[in-house]
Amino acid sequence: MSDLYGAAVVLRPSAPGDVPALAAVRATPEVRARWRGGDDLAGEVAADLEDPDTRCLTIRHRDRIVGMIQWYEEEEPDYRHAGIDLFLDPSVHGRGLGTDAVRTLARHLVDDLGFHRLVIDPAADNAAAIRCYEKAGFRPVGVMRQYERGADGTWHDGLLMDLLASELVR
């Protein structure tokens, strides 16, 4: 896969050399609160890059690694779709880079790979992420109750959002 160019970001296939920078972003309190992780975040990021079912792309802005966006594919023909997830360095939050990264990947998934539907599932209380995804065209489908376990051990709701190819905000 080649690099994907957005208005302000470049998405390129993640490589082992990206692991230290990506682990540093994952270690920030804001990202760690959502993505969690153990004592070896570099090992976890490296394992993500090795997962054959997930495609990881490093998000670059002005030649600096600022996060990672990944996607997976549901291959069953009658249910075919792609799912997206990402994390972004809090130092660049609020600049539209997350929306740009989501739009850039969504365009690739729709235009180049032919997906008609994309899904994303932020925590229901993650208002900033939900706004980001809505700007790209994602719409709420419904709340998934007690969807994920939090760091405190309690269950938290998730919001299922989807985007049809015709709804992508370009």
Side-chain angles (χ1 to χ4, degrees), residues 1-26 31 34-35 44-123 126-142 144 158-170:
M1 184 176 132
S2 60
D3 294 354
L4 304 175
Y5 293 88
V9 300
V10 176
L11 310 180
R12 66 169 171 72
S14 299
D18 299 339
V19 169
L22 294 172
V25 173
R26 284 271 312 267
V31 175
R34 300 290 182 184
W35 280 68
E44 291 180 35
V45 170
D48 288 344
L49 302 188
E50 296 295 321
D51 182 348
D53 295 326
T54 304
R55 284 76 163 196
C56 298
L57 303 167
T58 296
I59 304 169
R60 298 182 64 85
H61 173 65
R62 296 184 179 161
D63 294 323
R64 177 178 153 229
I65 293 174
V66 296
M68 185 172 77
I69 190 165
Q70 58 190 31
W71 68 277
Y72 68 88
E73 174 179 8
E74 169 56 59
E75 296 179 6
E76 169 60 40
D78 293 339
Y79 298 94
R80 185 172 187 263
H81 68 274
I84 299 174
D85 206 354
L86 74 147
F87 61 84
L88 199 61
D89 190 324
S91 71
V92 299
H93 284 181
R95 298 184 194 177
L97 301 181
T99 299
D100 189 28
V102 170
R103 277 186 184 138
T104 301
L105 179 56
R107 272 195 317 269
H108 170 67
L109 295 172
V110 168
D111 296 345
D112 302 330
L113 301 181
F115 287 98
H116 79 286
R117 182 173 170 270
L118 308 176
V119 298
I120 200 160
D121 58 354
N126 193 343
I130 293 166
R131 278 193 309 276
C132 167
Y133 307 148
E134 286 176 334
K135 289 176 188 175
F138 281 85
R139 297 180 184 182
V141 173
M144 299 178 291
L159 179 65
L160 178 62
M161 302 179 78
D162 73 359
L163 169 113
L164 299 179
S166 63
E167 299 166 343
L168 176 59
V169 176
R170 295 174 183 272

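Everything numeric in this text was worked out from a predicted model, so none of it was measured.
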Enquirer: Search all heavy atoms of Phe87 against all heavy atoms of Ile59 and return the closest pair with its distance.
Expert: O-CD1, 4.2 Å
Enquirer: Suppose we screen for side chain to side chain donor-acceptor pair (under 3.5 Å). Which residues come up paired with Arg103, at least two apart in sequence or across chains?
Expert: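 Once residues adjacent in sequence are excluded, Arg103 has no partner under the side chain to side chain donor-acceptor pair (under 3.5 Å) criterion.
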Enquirer: Report the residues that fulfil side chain to side chain contact (heavy atoms under 4.5 Å, CB included) with Asp48, sequence neighbours left out, ordered by chain and then residue number.
Expert: Arg26, Cys56, Met68
Enquirer: Does the Trp35 side chain pair with the main chain of Leu86, one donor and one acceptor, at a distance under 3.5 Å?
Expert: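 Here the side-chain-to-backbone pair exists.
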Enquirer: Any idea which heavy atoms bring Arg34 and Ala123 closest together, and the distance?
Expert: NH1-CB, 3.3 Å
Enquirer: Considering only heavy atoms from C-beta outward, does the side chain of Met161 approach that of Asp121 to under 4.5 Å?
Expert: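 A side-chain contact is absent here, since even the closest heavy-atom pair is not under 4.5 Å.
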Enquirer: At their closest point, which heavy atom of Pro122 faces which heavy atom of Ala129, and how far apart are they?
Expert: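 Looking at all heavy atoms of both residues, the shortest contact is CB-CB, 4.2 Å.
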Enquirer: To the nearest 0.5 Å, tell me how far Tyr5 OH sits from Arg12 CZ.
Expert: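 If I round to the nearest 0.5 Å, the distance is 10.0 Å.
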Enquirer: Which value, rounded to the nearest 0.5 Å, describes the distance between Asp18 atom CG and Ile65 atom CD1?
Expert: 4.0 Å
Enquirer: I want to check something: taking the side chain as every heavy atom from C-beta on, are Trp71 and Thr54 in contact at a cut-off of under 4.5 Å?
Expert: no
Enquirer: Write down the atom of Gly6, the atom of Thr104, and the distance for their closest heavy-atom approach.
Expert: CA-OG1, 3.1 Å
Enquirer: Let me confirm one number: the CG-OG distance from Leu88 to Ser91, rounded to the nearest 0.5 Å.
Expert: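 Answer for the CG-OG pair, Leu88 versus Ser91, is 8.0 Å.
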Enquirer: Kindly compute the distance separating NE2 (His81) from CG (Leu164), expressed to the nearest 0.5 Å.
Expert: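 CG of Leu164 is found 12.0 Å from NE2 of His81.
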Enquirer: At their closest point, which heavy atom of Ala136 faces which heavy atom of Val102, and how far apart are they?
Expert: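 Scanning both residues completely, I find the closest heavy atoms to be CB-CG1, 3.8 Å.
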Enquirer: Could you work out, with side chain to side chain donor-acceptor pair (under 3.5 Å) as the rule, every residue matching Ser14, not counting sequence neighbours?
Expert: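 Applying side chain to side chain donor-acceptor pair (under 3.5 Å) to Ser14 gives Thr58.
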Enquirer: Is it true that atom CZ of Arg170 has more than 12 heavy atoms of other residues, nucleotides or ligands lying nearer than 6.0 Å?
Expert: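 Atom CZ in Arg170 is packed in, count exceeds 12.
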Enquirer: Of all residues at least two apart in sequence or in a different chain, which pass the salt bridge (charged side-chain N to carboxylate O under 4.0 Å, His left out) check with Asp51?
Expert: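 Asp51 satisfies salt bridge (charged side-chain N to carboxylate O under 4.0 Å, His left out) with no other residue.
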Enquirer: Decide, yes or no, whether a salt bridge links Asp3 with Arg60 under the criterion of side-chain N to carboxylate O below 4.0 Å.
Expert: no
Enquirer: Taking the side chain as C-beta and beyond, is there a heavy-atom pair between Ile84 and Val119 under 4.5 Å?
Expert: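 Ile84 does not reach Val119 side chain to side chain.
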Enquirer: For Ala8, does its backbone N or O pair with a side-chain atom of His61 as donor and acceptor, under 3.5 Å?
Expert: yes
Enquirer: Under a 4.5 Å cut-off applied to non-hydrogen side-chain atoms, are Phe138 and Leu118 in contact?
Expert: yes
Enquirer: Is the closest side-chain heavy-atom distance between Leu159 and Ile130 below 4.5 Å?
Expert: yes
Enquirer: Report the distance from atom CG of Leu105 to atom CD1 of Ile69, rounding to the nearest 0.5 Å.
Expert: 4.5 Å
Enquirer: Tell me which pairs pass salt bridge (Lys or Arg N to Asp or Glu O under 4.0 Å) where either residue lies in residues 65-94, with sequence neighbours left out.
Expert: Arg55-Glu73, Arg64-Asp89, Glu73-Arg80
Enquirer: Kindly compute the distance separating CG (Leu49) from CD (Gln70), expressed to the nearest 0.5 Å.
Expert: 9.0 Å
Enquirer: Do the non-hydrogen side-chain atoms of Leu57 and Leu4 ever get within less than 4.5 Å of each other?
Expert: yes
Enquirer: So which pairs with a foot in residues 127-141 pass side chain to side chain donor-acceptor pair (under 3.5 Å), sequence neighbours left out?
Expert: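 The answer is Arg139-Glu167.
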